[in-house]
There are 2 protein chains.
Amino acid sequence: MRKEHNLTKNQKIIFDLIDKSPQPLKAYSILYNVQKKGIKAPLQVYRALDKLVEIGKIHKIESRNAFIACHNSSCQVAKATAFSICEICEKVTEISSAGLSKYLANFKDKDGMKYSKYNLEFFGLCKKCTLK
Amino acid sequence: MRKEHNLTKNQKIIFDLIDKSPQPLKAYSILYNVQKKGIKAPLQVYRALDKLVEIGKIHKIESRNAFIACHNSSCQVAKATAFSICEICEKVTEISSAGLSKYLANFKDKDGMKYSKYNLEFFGLCKKCTLK
DNA sequence: AATTTAATTGTTATAATATAACACTATGTA
DNA sequence: TACATAGTGTTATATTATAACAATTAAATT
Ligand SMILES: [Zn+2]
Ligand SMILES: [Zn+2]
Ligand SMILES: [Zn+2]
Ligand SMILES: [Zn+2]
């Protein structure tokens, strides 16, 4: 069971916005959307984002510089993430596959490096865009 | 066998720099290093980087906004990349594992999305940093 | 409750990363 | 040559992210 984190005011405002969004949001688009709630500066947004990423409530899509809420209860607090990204409509989905996470968690390279974390991004066309 | 690409002047200057570097280089550090060779503006660097990524001579490490030369002859022209990243010394190594690429190339999520590309970044401590 | 410690906030300024737009040049091909 | 395609040089600007510092709030300890 995930530890409950009590979000602060700014964290909650920003998490709620990301959580309601069907697609990942970028930091300055978040800023624009929360200005009416009193969050006026980039740093206020980035600080909340950093914390939310740290506690696993959201993830950063690195190739897009955008943030999405975690919808995968088995994702171990931001330590093991996988996404599919449609290159046309930019729809992003968090992948939750026990097989995949097991395979990657146990993967060892030949240098014997010990991994504590990974991030995997698949790119392609979503079903909708394939049909077009 | 990979198709040979004839690099242009700027592309060659920038590829050579990246290829000689033991660690990934960032765009503006590249710019600084090639100014004496006549490349004066960010766009000149980014255009060469874009092309080099496209033809698979270099890869972008997304989580670091940095570029590394491809040292993996089996990597299918930037379509299937995997790296290990040391969180202390920032050493980055391209992983070439037939098992891993086979597993990921064949991975299908439950939405049946068709993937044409993936990028995987593992994080942890390299051997040297583990011993410290 | 009072103290003290850590986390968060608000603010201004600035750094770092990346692209738009436009005129021009080289290269390959019919 | 004529045309198409890709690359270049340049200026300006957009986008993403952090530094530094003072003030405030929340949480833990006494
Ligand atoms: Zn998740
Ligand atoms: Zn799509
Ligand atoms: Zn490669
Ligand atoms: Zn290391």
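Letters A, B, ... mirror the listed sequences (proteins, then strands); counts begin at 1.
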Separation of atom CZ in A:R47 from atom P in C:dA6, rounded to whole Å: 18 Å
A:K51 NZ to D:dT25 P, straight-line distance once rounded to whole Å: 19 Å
Note: B:R64-B:E121 ion pair, threshold 4.0 Å (strictly below): no
Closest-nucleotide ordering on DNA chain C, the 5'-leading residue of A:A48 and A:P42: A:A48
Between C:dG10 (P) and A:Y46 (OH): distance, integer Å: 18 Å
Selected nucleotide, minimal atom distance to B:Q11 side chain, candidates D:dG7, D:dA20, D:dT10: D:dG7
Ring centroids of A:Y28 and D:dT15 base under 5.5 Å with planes under 30°: no
A:L49 versus A:I58, closest heavy-atom pair with distance: CD2-CD1, 3.6 Å
Residue-phosphate contact under 4.0 Å: B:N10 side-chain N/O, D:dG9 OP1/OP2: yes
Below 4.0 Å: OP1/OP2 of D:dT8 and any side-chain N or O of B:T8: yes
D:dA17 phosphate, OP1 or OP2, under 4.0 Å from A:K60 side-chain N/O: yes
Pairwise distance OG(A:S63) to CD(A:E87) - rounded to 0.5 angstrom: 9.0 Å
Between P of C:dT9 and CG of A:L49, the distance in whole Å: 12 Å
Nearest-nucleotide 5' precedence on DNA chain C, A:G38 against B:D50: A:G38
Side-chain N,O (B:Q44) to OP1/OP2 (D:dG9) below 4.0 Å: yes
Under-4.0 Å side-chain N/O to phosphate OP1/OP2 contact, A:N65 with D:dT15: no
B:N6 CG - C:dA26 P separation (whole Å): 18 Å
Interatomic distance where NZ belongs to B:K26 and P belongs to D:dT16 [whole Å]: 15 Å
Salt bridge A:D16-A:K12, side-chain N to carboxylate O under 4.0 Å: yes
OP1 or OP2 of C:dG10 under 4.0 Å from side-chain N/O of A:K9: yes
Whole-Å gap separating P (D:dT11) and NZ (B:K40): 9 Å
Ring centres under 6.0 angstrom apart (B:Y118, B:F107): no
Whole angstrom value for the distance that separates P of D:dT16 from CZ of A:R64: 12 Å
